[in-house]
2 protein chains.
Amino acid sequence: MNLRELSDLLGLSPTTVSRALNGYPEVRAETRARVAEAAAKHGYAPNFQAKKLATGRSMSIGHVVPTSRHEMINPIFGDFIAGAGETYSKRGYDMVITVVEDDGEEAAYRSIHSQHKVDGIIVHGPRQDDPRVPLLNALGVPYLVHGRVAEGETGYSWLDINNKRAFERATNLLLDLGHRRIAFLNGLENMHFAQRRRVGHEIALTERGVPVDPEILFAEEMTEPFGYETTRRLLAAPNPPTAILTSSLITAMGVSRALSEMGLQLGRDISVITHDDELSFLPNAGDVPLFTCTRSSVRAAGSRVAELLIDLIDSEEKAHVSELWECQLTLGRSTGPAPT
Amino acid sequence: MNLRELSDLLGLSPTTVSRALNGYPEVRAETRARVAEAAAKHGYAPNFQAKKLATGRSMSIGHVVPTSRHEMINPIFGDFIAGAGETYSKRGYDMVITVVEDDGEEAAYRSIHSQHKVDGIIVHGPRQDDPRVPLLNALGVPYLVHGRVAEGETGYSWLDINNKRAFERATNLLLDLGHRRIAFLNGLENMHFAQRRRVGHEIALTERGVPVDPEILFAEEMTEPFGYETTRRLLAAPNPPTAILTSSLITAMGVSRALSEMGLQLGRDISVITHDDELSFLPNAGDVPLFTCTRSSVRAAGSRVAELLIDLIDSEEKAHVSELWECQLTLGRSTGPAPT
DNA sequence: CCTGTTCCTCAAAGCGCTTTGAAAAGCTGC
DNA sequence: GCAGCTTTTCAAAGCGCTTTGAGGAACAGG
């Protein structure tokens, strides 16, 4: 069933039917009702491709996901997508995901744009000096970065959490509890968020006059074994830390596994603070959660990022927007005073 | 830059340019080369919407993801999508994801179809007697189910792992090791895969004359706390199990956490076998992995599912296809003889 | 030099919708 | 009853591509 058939059926012109369905004012209420009813009855829905072509809007948002980078699919991806997807369905947009090999990333952005596949793009996992920002600026597509790129850069829109502040606070908490030797299991530091977390951590240490020991700073893919193995190694070596900071709950679970295998108690023998993205399958919940954490929902971020981007697309003036979210610092059972 | 502009530039007709670009034989090799070069030089790419409209093919595959069901975004989603996405980019398809509230699921499938948004659909997380199978059959869209629905049903295409066999083998291994009291922490049993796993488990028990005790069979969302809390409860109760079977590595990690907290050693005091989807962020790897597991890559499944569906779309005769993958049973350090 | 082939190129008609500009219909008031 | 409005409806022109059916060019054979 297409527009023409429906309009023939009703004895109206396609124009009138189209207008009735799209809420234009030039249609009598009664006619509109008749059209709506007939459309529902015959299961008519406009052909999306045709609509897109006619309006010039694709009503789709693109997400480009590089895949082979370390073969690690970010576990937060699912929750982020769920959040974004909610917004999309509310606002009538589709989500188009392009999975691409690392080296095809730029080409993917270019082709997605030149083919008019999307009205806007969301940039995932920004690195320091991410080349995608100048690229997308050059292409002139509306886009929004989940996270940020290098400090100086201002010519783009973003939503980020205050990674620096969160890890500064977390480190301060550990210092307040008397810890002086704090290991940090960070994500890969070419990622902007990891960079900022490290900066926050070091600022806190430096302000208290605690030396930064690069020997106990690690930056890797945030897997469970990373937490496990690093912890085992750290605690077997001389001068082990009394506290561990991790960038991911998954890594923290690895830390926890190592500790209990070694007969050490979380929060008594070793304190741990982790960042918690509030992933649906890894709740760190309860009145007193297991892990003390810096916390921010990545699902909520996904939802908001999508909203901001759509607003950006709809709005005429193309000013840049940005939002910086503070994390909660939530006390759990994994922190306690440094053992003496 | 559009077709007309490019053809004017070249002094050719749009037809010739289109044919040259799409590999039709009616174009001289030299002309074709000239066109290709000009297209590359001016960054011309056909407008996707127009192409879709003209060809009647959307070159997109739809994924409908229900979101609010228990607020749990399946952690395997990311890896599955990564696998599927690889196939799509190889074969020139786009992936369109629609996130939808539980009760809007049927409407989502209908609208996606009537709007001609996709050429095919992948069905995630099939339940027993899933209503989507008859719905999609009625709509007449090509689709493929990742998993299966009720036993009798044959009128659909699917790719699944042999859940029953895998859990039968896992249970048999535990029985061989002398375990007689085996707890099973399964996924929600309205899901087909969970159903089959339970059947496999019970068959193994029954064949050996070991009674099935419903008191130690659990079926919940496969989170980490589910594993943790259930294990604590089980081991505190009288007549605790000597082995635990779980449907997810995430749950198994909860089990492991509970065990070590209680001073019990995995593989010595309590044996654990889990299913392992080979998620990128939760590797259970190494020569001797931590967990003994039934194993099958969900990423590979995603890739293959996409392939099968595209073949289905391309092929003329609409016969049903299906693939049943056997899981590997990999020995790790989490299993050992039952304590006497 | 003309006709018959083969090879290449083209004009034009769609695909199904939106939207512009115009016409028809329905009112009002003189 | 008609000019002047407003309200409702319509025909037709795109949107940018593919594809059909036909024409032109080049070439060989008679």
Side-chain angles (χ1 to χ4, degrees), chain A residues 1-36 38-39 42-60 92-94 111-119 314, chain B residues 1-36 38-39 42-60 92-94 111-119 314:
Chain A
M1 162 87 33
N2 62 25
L3 224 211
R4 158 121 266 131
E5 286 165 16
L6 183 65
S7 63
D8 284 353
L9 205 79
L10 285 161
L12 295 171
S13 77
T15 316
T16 308
V17 174
S18 169
R19 290 208 153 134
L21 257 20
N22 290 311
Y24 281 71
E26 301 94 333
V27 175
R28 193 172 16 162
E30 185 202 316
T31 308
R32 188 190 305 282
R34 229 177 90 224
V35 170
H42 297 90
Y44 167 78
N47 181 313
F48 220 64
Q49 323 304 345
K51 190 164 182 165
K52 286 171 172 177
L53 180 57
T55 57
R57 305 263 274 101
S58 75
M59 295 304 284
S60 306
Y93 276 76
D94 283 330
S111 98
I112 249 181
H113 172 248
S114 64
Q115 292 177 120
H116 301 263
K117 276 188 184 172
V118 300
D119 293 334
D314 288 347
Chain B
M1 162 84 40
N2 62 24
L3 225 209
R4 156 121 270 130
E5 286 165 15
L6 183 65
S7 63
D8 284 354
L9 206 79
L10 285 160
L12 295 171
S13 77
T15 316
T16 307
V17 174
S18 168
R19 290 206 153 134
L21 257 22
N22 290 311
Y24 281 71
E26 301 93 335
V27 176
R28 193 169 19 159
E30 183 205 317
T31 308
R32 188 190 305 284
R34 226 178 93 226
V35 171
H42 296 90
Y44 166 79
N47 182 313
F48 221 63
Q49 323 303 345
K51 189 164 184 165
K52 285 171 174 178
L53 180 58
T55 57
R57 306 261 277 102
S58 75
M59 296 304 284
S60 307
Y93 276 76
D94 282 330
S111 98
I112 249 182
H113 172 246
S114 63
Q115 293 178 118
H116 301 263
K117 276 187 184 173
V118 299
D119 294 333
D314 287 347

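Numbers restart at 1 for each chain; the letters A, B, ... are given by sequence-line order, proteins then strands. The model shown is predicted, which means the values in this text are computed figures rather than measured ones. Keep in mind that the numbers below use all heavy atoms, side chains included, and drop hydrogens, waters and symmetry copies.
Regarding A:Arg57, its CZ atom lies at a distance of 11 Å from the P atom of C:dT19, rounded to whole Å. Rounded to whole Å, atom C1' of C:dC17 lies 14 Å from atom CD of A:Glu5. What separates CD of B:Glu26 from C1' of D:dA22 is a distance of 13 Å, to the nearest Å. One interatomic measurement links the two molecules: CZ of A:Arg32 to P of D:dT9, which rounds to 10 Å at whole-angstrom precision. When the C1' atom of D:dC10 is taken as reference, atom CG of A:Asp8 falls 13 Å away, rounded to whole Å.
The side chain to side chain donor-acceptor pair (under 3.5 Å) search around B:Asp119 returns B:Arg57, B:Ser58, not counting sequence neighbours. Considering only residues two or more places apart in sequence or on other chains, A:Thr16 meets the side chain to side chain donor-acceptor pair (under 3.5 Å) condition with A:Ser13. With sequence neighbours left out, B:Lys117 forms a side chain to side chain donor-acceptor pair (under 3.5 Å) with A:Asp94. Shown here are the side chain to side chain contact (heavy atoms under 4.5 Å, CB included) partners of A:Ala50, two or more places apart in sequence or in another chain: A:Asn47, B:Leu53.
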Using a 3.5 Å cut-off and no angle test, enumerate the donor-acceptor pairs between side-chain atoms of residues 23-35 of chain A and protein atoms at least two apart in sequence or in another chain.
residue: A:Arg32; atom: NH1; partner: A:Ala20; partner atom: O; Å: 2.9
residue: A:Arg32; atom: NH2; partner: A:Tyr24; partner atom: O; Å: 2.6
residue: A:Arg34; atom: NH2; partner: A:Leu10; partner atom: O; Å: 2.8

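Looking only at side-chain heavy atoms (C-beta outward), A:Tyr44 and A:Leu21 come within less than 4.5 Å of each other.
One finds no side-chain N or O of B:Arg28 lying less than 4.0 angstrom from the OP1 or OP2 phosphate oxygen of C:dC7.
Nearest to the side chain of A:Tyr24, among D:dT19, C:dT9, C:dT19, sits C:dT19.
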- line: Per-nucleotide protein contact along nucleotides 10-16 of chain C, 5' to 3', at a 4.0 Å heavy-atom cut-off (B base, S sugar-phosphate only, - neither), is BBB-BBB
